[in-house]
Amino acid sequence: MSEFLDILTHGRRLQGAVKELSIEELEQVQEKLSGIIEKRKEKALEQEKLEKEKLEKLASIKKQMEEAGLNVEDLQALNLDTNKKAGKKRPIKYKLVDEKGEEHLWTGIGRMPRIYKDALDSGKSLDDYAIN
């Protein structure tokens with residue numbers, strides 16, 4: 001791709017690359033490039049408009065916060081409270097003790113452990129192992 005860009009952006013190399021093309025073909029290329037340029041300009045204007053709207057919204061929110069006597073640190077403190085739940089372990093719902101005396105704990109979420117499946121297949125109920 002860089003070789004293409006080198007040819008396209010270098011005057012003499014571009015002339016050499018298109019010397020075989022007719023005037024009509026060159027005009028078609030020019031139209032296509034003009035279309036691409038127009039689309040890029042429209043996209044850039046749209047991005048500028050969106051950015052301006054975003055800045056206006058931020059200024060409005062900042063003004064509202066100042067009127068309410070709040071600052072950014074107040075919002076950050078609010079965010080810390082919501083993240084405390086992340087990383088907590090799920091409570092154990094079932095406990096099964098096998099013949100060797102080993103405890104097998106399960107939260108009831110995810111794939112059922114084989115030892116519980118075997119116990120259920122032998123006629124036991126999951127309620128028999130529930131922790132109250």
Within the distance-only criterion (no hydrogens, no angle test), does the side chain of D118 pair as donor or acceptor with the backbone N or O of D121 below 3.5 angstrom?
-> no
So which heavy atom on E3 is nearest to which on R13, and how close?
-> CG-NH2, 4.3 Å
Going hydrophobic residue to hydrophobic residue with side-chain gaps under 4.5 angstrom, can you get from L58 over to L70?
-> no
In terms of heavy-atom contacts, does CD of E53 have more than 12 from other residues, nucleotides or ligands at under 6.0 Å?
-> yes
Could you tell me the separation between the CD atom of Q15 and the NE2 atom of H10, rounded to the nearest 0.5 Å?
-> 10.5 Å
Point-to-point distance, once rounded to the nearest 0.5 Å, from OG of S60 to CE of M65 | 11.5 Å
What closest approach, in Å, do A17 and I7 show between heavy atoms, and which atom pair accounts for it?
-> CB-CG2, 3.7 Å
Tell me, do E38 and K41 make a side-chain contact under 4.5 Å, heavy atoms counted?
-> yes
Interatomic distance, K39 atom NZ to K43 atom NZ [nearest 0.5 angstrom] = 11.0 Å
Going hydrophobic residue to hydrophobic residue with side-chain gaps under 4.5 angstrom, can you get from L26 over to L8?
-> yes
Given side-chain contact (heavy atoms from CB on, under 4.5 Å), test K52 with L55 step by step and report yes or no.
-> CA-CA 5 Å; K52 183 179 177 185; L55 290 174; 5.8 Å; no
Mind checking the NZ-CD1 spacing from K117 to I115? Nearest 0.5 Å is all I need.
-> 13.5 Å
With the 4.5 Å side-chain cut-off for hydrophobic clustering, are M112 and Y129 part of the same group?
-> yes
Report the distance from atom CD of E27 to atom CG of L21, rounding to the nearest 0.5 Å.
-> 12.0 Å
Heavy-atom side-chain contact between K32 and S34 under 4.5 Å | no
Just wondering, are more than 12 heavy atoms of other shown residues or ligands nearer than 6.0 Å to CD in E73?
-> yes
Exercise answer: donor-acceptor pairs, residues 92-111 side-chain atoms, under 3.5 Å, sequence neighbours excluded:
from, atom 1, to, atom 2, distance (Å)
K95, NZ, E103, OE2, 3.4
D98, OD1, K100, N, 3.1
D98, OD1, G101, N, 3.1
D98, OD1, E102, N, 2.8
D98, OD2, H104, NE2, 3.0
W106, NE1, I109, O, 3.4
T107, OG1, I109, N, 3.3

Is Y116 close to K124 at the side-chain level, that is, under 4.5 Å between some pair of heavy atoms?
-> no
Please check if the side chain of E25 supplies one atom and the backbone of S22 the other of a donor-acceptor pair under 3.5 Å.
-> yes
Mark yes when over 12 heavy atoms from residues, nucleotides or ligands other than I23 sit less than 6.0 Å from its CD1; otherwise mark no.
-> no
